[in-house]
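Being a predicted model, the structure only gives us computed values, none of them experimental. In what follows, residues are counted from 1 in the order of the sequence shown.
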Amino acid sequence: MAENLVNFGILGCAKIAIKLARAINLAPNSILYAIASRSLEKAKQFATQNGLPETIKIYGSYEELLDDPSIEVVYLPLPTSLHVQWAVLAAQKKKHVLLEKPAALDVGDLDKILEACVSNGVQFLDGSMWLHHPRTMKMKELLFDSNLVGQVDFIHSTSTAKVPPEFFENNIRVKQDMDALGVLGDLGWYCVGAVLWAKNYRLPNVVSALPAGVTKNSAGIVLSCTACLNYDQDHKTVAIIHCSFFSYTSMDLSITGTQGSLHLKDFVIPYQEGSAFFDLASPATFMDDQTGWNVKTEKVVVDNETPQEALMVQELARLAQGIKKCGFPPDNRWPEISRKTQIVVDAVKKSIDLDCKPVYL
């Protein structure tokens, strides 16, 4: 049984690594083989505090983990400023790369990572867990049924979190030398990704940040922003995204089309691990006396036995096994999704830096 499991290593002991350690061991085709931190003491402390098995290898440097020939996939929950250095080295060591989002500080940096993965024949995947939930698959199925939603006219996506005061002083997400994209990279990555997903990964024509929606700290890090993404090809679509470290937690996604609409309030992390739902209204009009709707919104429930983060790990392990055992090439779909997301995130950042002037793609 163990021979069929893909060995994962975790490079860094960030808080999110706890969630991924669990996911790796929940996935049916993977196992957590090793963890590493910049000090052996910190790595041991992480393993003890999180009840990891004693059989797990513990390394006191990132290089030691990457030099371990038994490790096939590396998860990197590192500050974005370190992604190029360590993701490229991981690829050069022939490790498949699971990279925490945002994938990079800009598309130029991401291209360096992707080029290293391509030249070394390894799979790349970013940590957008929601894309792997069966609810997402079901929504896509209904979204592209022309009789249900129709042509998409409008998309609204938010990802916000009310953080404590100390966050603005100490967290890496507000540090220029660690995560210079701020909220745009941390939460906005989801919003941009949701818009692209709803448009079948077509890039918008124009991206514009909205002046009233932008807040920065003294170092120029974006703490809150709102942006408009315009599509003019074939069927015009307007998308509004909003991400903030100041607002109450929200993970909303609404998609309105010519025939109906789709809504959910927890698209990034479902309310419950074992089941998720979304609302579908199609077709819908007012009653003759305009006192109500002529149809009720349908609540579509999607059950899942495996958490979305474990499904993400399972997908990467499946791809790694295909490359190793069957000689399959890496799946280009996942790096393409990450790259398009990065392009739009970069455009929003550029618009903010240009005092919210439009950026054309």
Side-chain angles (χ1 to χ4, degrees), residues 128-161 187-208 210 213 225-244 247-272 275-304 308 337 340-341 344 348:
S128 298
M129 304 171 191
W130 75 278
L131 292 174
H132 303 270
H133 197 289
R135 174 178 65 177
T136 307
M137 319 305 174
K138 184 64 175 179
M139 290 192 299
K140 177 77 69 144
E141 174 190 329
L142 299 181
L143 181 61
F144 289 99
D145 185 331
S146 59
N147 295 318
L148 293 177
V149 177
Q151 294 285 338
V152 174
D153 290 317
F154 179 71
I155 306 165
H156 180 252
S157 179
T158 71
S159 184
T160 62
L187 302 180
W189 185 271
Y190 294 121
C191 300
V192 168
V195 172
L196 291 171
W197 171 84
K199 291 295 292 180
N200 211 20
Y201 293 99
R202 291 174 61 183
L203 292 173
N205 300 92
V206 187
V207 175
S208 303
L210 305 183
C225 75
T226 306
C228 180
L229 284 56
N230 289 290
Y231 288 81
D232 291 331
Q233 321 102 310
D234 300 333
H235 187 86
K236 291 187 177 181
T237 304
V238 175
I240 300 293
I241 66 166
H242 176 70
C243 53
S244 175
S247 303
Y248 180 77
T249 300
S250 71
M251 301 175 180
D252 299 351
L253 176 59
S254 296
I255 303 169
T256 304
T258 53
Q259 301 292 327
S261 60
L262 183 153
H263 307 270
L264 61 161
K265 300 287 188 181
D266 60 345
F267 84 93
V268 178
I269 302 175
Y271 290 130
Q272 297 179 357
S275 180
F277 67 90
F278 60 94
D279 293 326
L280 177 69
S282 175
T285 59
F286 293 128
M287 294 179 180
D288 291 341
D289 58 3
Q290 296 192 0
T291 58
W293 293 45
N294 66 351
V295 294
K296 291 183 178 180
T297 299
E298 178 186 359
K299 181 179 180 180
V300 181
V301 179
V302 181
D303 294 325
N304 60 295
Q308 61 182 10
I337 287 173
K340 288 183 176 181
T341 305
V344 179
V348 176

Is any side-chain heavy atom of [Y] closer than 4.5 Å to one of [X]?
| X | Y | answer |
| --- | --- | --- |
| Leu131 | His133 | no |
| Val152 | Leu143 | yes |
| Lys265 | Tyr271 | yes |
| Leu264 | Asp252 | no |
| Ile240 | Cys228 | yes |

Practice problem: Please assess His242 against Thr226 for the test side-chain hydrogen bond (donor to acceptor under 3.5 Å, both in side chains), listing each intermediate value before the final yes or no. | Solution: CA-CA 4 Å; His242 176 70; Thr226 306; 2.7 Å; yes
Self-check item: Non-neighbouring partners of Lys340 that pass salt bridge (charged side-chain N to carboxylate O under 4.0 Å, His left out), sequence neighbours left out
Solution: none
Self-check item: Verdict with reasoning, Leu253 to His263, per side chain to side chain contact (heavy atoms under 4.5 Å, CB included)
Solution: CA-CA 6 Å; Leu253 176 59; His263 307 270; over 6 Å; no
Quiz item: Rounded to the nearest 0.5 Å, how far does CG of Leu229 lie from OG of Ser208?
Solution: 8.5 Å
Quiz prompt | Nearest-0.5 Å distance that lies between atom CG in Asp303 and atom OG in Ser275 | solution = 4.0 Å
If I compare all heavy atoms of [X] with all of [Y], which pair ends up nearest, and what's the gap?
| X | Y | result |
| --- | --- | --- |
| Thr158 | Ser250 | OG1-OG, 3.0 Å |
| Thr297 | Ala281 | OG1-CB, 4.1 Å |
| Met129 | Gln308 | O-CB, 3.8 Å |
| Val348 | Cys225 | CG1-SG, 4.5 Å |

Has the side chain of [X] got a donor or acceptor atom that lies under 3.5 Å from a matching backbone atom of [Y]?
| X | Y | value |
| --- | --- | --- |
| Thr136 | His132 | no |
| Gln259 | Asp145 | no |
| Thr160 | Tyr248 | yes |

Self-check item: Pair Thr341-Val344, side chain to side chain contact (heavy atoms under 4.5 Å, CB included): steps then yes or no
Solution: CA-CA 5 Å; Thr341 305; Val344 179; over 6 Å; no
Quiz prompt | Worked verdict on Leu262 versus Asp279 for side chain to side chain contact (heavy atoms under 4.5 Å, CB included) | solution = CA-CA 6 Å; Leu262 183 153; Asp279 293 326; over 6 Å; no
Practice problem: Please step through side-chain hydrogen bond (donor to acceptor under 3.5 Å, both in side chains) for the pair His156 and Ser254, ending with a clear verdict. | Solution: CA-CA 5 Å; His156 180 252; Ser254 296; 5.1 Å; no
Self-check item: Donor on one side chain, acceptor on other, Asp153 and Thr256, under 3.5 Å
Solution: no
Quiz item: Do Asp266 and Arg135 meet the salt-bridge criterion of a basic N to acidic O distance under 4.0 Å?
Solution: yes
Quiz item: Listed by chain and number, what are the side chain to side chain contact (heavy atoms under 4.5 Å, CB included) partners of Lys236, not counting sequence neighbours?
Solution: Asp232
Quiz item: Which of these, Phe278, Trp130, Phe277, sits in a ring pair (Phe, Tyr, Trp, His ring centres under 6.0 Å) with Phe267?
Solution: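 So, applying the ring pair (Phe, Tyr, Trp, His ring centres under 6.0 Å) to Phe267 and each of Phe278, Trp130, Phe277, only Trp130 qualifies.
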Considering only distance and modelled atom types, tabulate donor-acceptor pairs under 3.5 Å from the side chains of residues 187-202, sequence neighbours left out.
{"unit_1": "Trp189", "atom_1": "NE1", "unit_2": "Ser128", "atom_2": "OG", "d": "3.2"}
{"unit_1": "Lys199", "atom_1": "NZ", "unit_2": "Thr237", "atom_2": "OG1", "d": "2.9"}

